[in-house]
Asker: 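If you scroll down you'll find the structure; I have some questions about it.
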Amino acid sequence: MRKNEKFIGKCENYTYQGLGVVKYEGQPVFVKDMLEGETGEIVITKVLKNYAFGRCLQLLKSSRERVEPRCLIYKQCGGCQLSHMSKQAQKAFKRQRVQDCITRIGKIELEVEDVLSMEDPYHYRNKGQVPVGMKDDQVICGFYRIHSNDIIDMNECLIQHPLINEMVQIIKAQLQKYQIGSYFRHLLIKVGFESKEMMVVLIVREEKIPHLEELVQVICQQEYIKSVIMNLNQRNDNVILGDKETLLYGKSTIQDTLMGLKFNISSKSFYQVNPIQTCVLYEKAVEFANLTGKETVLDLYCGIGTISMFMAKKAKHVIGIEIVEDAIKDAKKNALLNQIDNVEFVCSDAGTFASEIAKNNQHLDVICVDPPRKGCDQKTLESILKMSPQRIVYVSCDPATLARDLYFLSQNGYEVKKVQPVDMFPQTTHVECVNLIVRK
């Protein structure tokens with residue numbers, strides 16, 4: 001294969017990133033925006049040792065599952081990857097991605113359940129993290145081009161709550177008016193889906209910002225604003241939030257209601273970004289826990305205590321563990337707010353705390369884990385084995401690390417009973433799973 005070489009090829013399947021896989025002389029060529037079964041004229045854009053990347057110049061045969069993306073900048077922006085797929089095709093892609101990981105990495109012969117998806121897969125995100133930049137003396141706010149640090153300017157993101165889109169445009173206009181865009185790195189905006197309460201976090205490069213007072217005044221004129229925070233980030237990496245925060249207006253938290261419970265949400269605390277599908281996910285997690293009111297539950301990586309408190313409504317006692325101190329503070333306040341007294345929250349590394357409980361031979365009936373994308377560390381998994389719970393409910397945002405952890409558990413006395421994907425992130429390749437694991 002040579003760069004700029006053209007050929008006619010058929011898309012056979014997908015990579016985990018949603019790229020179409022087209023074979024050319026036996027070698028895979030990865031092509032953006034091609035669907036399985038489609039035939040097109042491909043030009044090679046980059047050649048590597050065992051594969052290449054290509055671009056479809058024209059489709060010669062289209063799939064029935066192809067749809068016209070509603071987003072005007074879809075082809076440039078790297079935020080979404082599957083907007084050219086129908087809802088059914090996205091479901092099939094995500095289910096197959098999970099199935100491939102469970103079979104190939106987990107070495108588990110189990111049929112993955114059908115994906116639980118949204119009826120209306122747009123405007124679902126309650127959190128926007130929008131990069132800010134300058135181009136030709138103009139402020140731009142948008143998301144990065146795929147595999148790039150170039151910001152694609154946008155007027156609207158179709159997967160973000162409309163109030164977030166409105167606020168981005170309001171702030172962008174003020175940054176342009178006062179010529180202060182270069183002081184800003186990101187805008188972090190959170191909104192309560194039920195409460196409509198909004199938090200704006202201005203992530204800046206320097207502590208002293210010209211016209212900051214005027215900017216905050218304009219932000220505060222908006223109806224739902226409850227919190228404005230300035231976050232100083234002078235790091236040279238991709239971490240979005242810095243350590244130092246200054247409250248510029250209102251409270252340090254906003255409040256939202258989820259499945260009848262109220263939650264205070266701070267700038268740094270984790271809260272699921274799709275509240276509609278979060279209800280689906282958590283209801284399934286509680287179902288898998290099969291609680292009767294007599295169980296002691298350990299919730300590792302508990303965040304601000306969402307799953308812990310839903311479990312506490314049906315369990316005897318719940319212990320929530322989270323390493324982020326701000327999240328634990330929020331979790332304790334949330335338990336008081338909802339008058340739930342059979343749950344306790346501890347700020348600790350999940351593996352360290354689990355190891356201590358295992359040493360003390362403390363009995364646990366159910367363990368729930370909802371780790372970050374990297375999955376559970378070895379110490380946590382080994383501690384779970386020592387505690388020997390009857391049931392493990394594993395919530396995962398990465399099928400590959402999930403499959404790795406399920407393999408370990410399945411080789412050490414546990415059986416994976418159900419793998420249930422939930423589409424928390426329509427239009428993207430990401431998929432969440434809730435899994436039931438029982439002791440053999």
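Start at 1 with the first residue, then count along the sequence.
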Asker: Going by the salt bridge (Lys or Arg N to Asp or Glu O under 4.0 Å) test, which pairs reach into residues 295-322, not counting sequence neighbours?
Answerer: none
Asker: Assign the ring pair Phe30 / Tyr51 to parallel, tilted or perpendicular, where the plane angle (0 to 90°) is split at 30° and 60°.
Answerer: tilted
Asker: In terms of side-chain geometry, is the basic nitrogen of Arg235 or Asp237 positioned less than 4.0 Å from the acidic oxygen of its partner?
Answerer: yes
Asker: List for me each residue that meets side chain to side chain donor-acceptor pair (under 3.5 Å) alongside Asn13, sequence neighbours excluded, and say none if there are none.
Answerer: none
Asker: Using the rule side-chain hydrogen bond (donor to acceptor under 3.5 Å, both in side chains), only one of Lys91, Lys94, Gln277, His430 pairs with Asp423; which is it?
Answerer: Lys94
Asker: Taking atom types as modelled and ignoring hydrogens, do the side chains of Glu36 and Ser63 form a donor-acceptor contact shorter than 3.5 angstrom?
Answerer: no
Asker: With sequence neighbours excluded, give me every ring-ring contact (aromatic ring centres under 6.0 Å, His included) pair touching residues 264-287.
Answerer: Tyr282-Phe310
Asker: With rounding to the nearest 0.5 Å, note down the distance linking NZ in Lys190 to CD in Gln129.
Answerer: 8.0 Å
Asker: Would you say Ser396's side chain and Asp398's backbone share a donor-acceptor pair under 3.5 angstrom?
Answerer: yes
Asker: To the nearest 0.5 Å, how far apart are CG in Leu381 and SG in Cys376?
Answerer: 5.0 Å
Asker: Name all pairs fulfilling the side-chain hydrogen bond (donor to acceptor under 3.5 Å, both in side chains) condition that reach into residues 168-177, sequence neighbours left out, sorted by first residue then second.
Answerer: Asp153-Lys172
Asker: Going through the checks in order, is the salt bridge (charged side-chain N to carboxylate O under 4.0 Å, His left out) test met by Glu38 and Arg66?
Answerer: CA-CA 9 Å; Glu38 291 186 331; Arg66 176 171 288 278; 2.7 Å; yes
Asker: How many angstroms lie between atom CG of Leu281 and atom CD1 of Ile276, to the nearest 0.5 angstrom?
Answerer: 14.0 Å
Asker: Evaluate Met424 against Thr278 for side-chain contact (heavy atoms from CB on, under 4.5 Å), listing each step before the verdict.
Answerer: CA-CA 7 Å; Met424 302 281 285; Thr278 297; 3.4 Å; yes
Asker: For the residue pair Arg70 and Tyr122, would you count it as a cation-pi contact if the rule is NZ or CZ under 6.0 angstrom from the ring centre and within 45 degrees of the ring axis?
Answerer: yes
Asker: Rounded to the nearest 0.5 Å, what separation is found between the CZ atom of Arg55 and the OG1 atom of Thr45?
Answerer: 7.5 Å
Asker: Can you list every pair that meets ring-ring contact (aromatic ring centres under 6.0 Å, His included) and has a residue in residues 234-260, with sequence neighbours left out?
Answerer: none
Asker: Under 6.0 Å from the ring centre and within 45 degrees of the ring axis: does the NZ or CZ of Lys32 meet both conditions for the six-membered ring of Tyr74?
Answerer: yes
Asker: Set out, in order, the CA-CA distance, both residues' side-chain angles and the distance that settles side-chain contact (heavy atoms from CB on, under 4.5 Å) for Asn274 and Met118, then state yes or no.
Answerer: CA-CA 10 Å; Asn274 184 338; Met118 293 185 74; 3.3 Å; yes
Asker: Would you call Lys359 and Glu356 a salt bridge, using N to O less than 4.0 angstrom?
Answerer: yes
Asker: Side chains of Asp326 and Ser266: donor-acceptor distance under 3.5 Å anywhere?
Answerer: no
Asker: So, the side chain of Glu41 versus the backbone of Leu59: is there a donor-acceptor pair under 3.5 Å, distance only?
Answerer: no
Asker: Please walk me through it: do Val422 and Val115 pass side-chain contact (heavy atoms from CB on, under 4.5 Å)?
Answerer: CA-CA 5 Å; Val422 180; Val115 176; over 6 Å; no
Asker: Using a 3.5 Å distance criterion without hydrogens, assess whether the side chain of Asp136 forms a donor-acceptor pair with backbone atoms of Gln138.
Answerer: no
Asker: Do Ser355 and Thr352 pair up side chain to side chain, a donor and an acceptor below 3.5 Å, judged on atom types alone?
Answerer: no
Asker: Can you tell me if Gln90 and Gln427 form a side-chain donor-acceptor pair at under 3.5 Å?
Answerer: yes
Asker: Using the rule given for side-chain contact (heavy atoms from CB on, under 4.5 Å), can you reason through Ile367 versus Val393, listing the C-alpha separation, both sets of side-chain angles and the distance that settles it, and then say yes or no?
Answerer: CA-CA 6 Å; Ile367 292 181; Val393 179; over 6 Å; no
Asker: Give a yes or no answer on whether the side chain of Gln160 reaches the backbone of Glu156 with a donor-acceptor pair at less than 3.5 Å.
Answerer: no
Asker: Could you walk me through whether Lys284 and Glu287 satisfy the salt bridge (charged side-chain N to carboxylate O under 4.0 Å, His left out) test, starting with their C-alpha distance in whole Å, then the side-chain angles of each, then the deciding distance to 0.1 Å, before giving a yes or no?
Answerer: CA-CA 5 Å; Lys284 189 60 67 173; Glu287 175 193 324; 3.3 Å; yes
Asker: Check whether any side-chain N or O of Asn264 sits under 3.5 Å from a backbone N or O of Asn334 as a donor-acceptor pair, and report yes or no.
Answerer: no
Asker: Any sub-3.5 Å donor-acceptor pair from Ser195's side-chain atoms to Gln255's backbone N or O?
Answerer: yes
Asker: Are any of the side-chain nitrogens in Glu223 or Lys196 under 4.0 Å away from the carboxylate oxygens of its partner?
Answerer: no
Asker: By side chain to side chain contact (heavy atoms under 4.5 Å, CB included), which residues pair with Tyr144, not counting sequence neighbours?
Answerer: Pro131, Ile151, His186
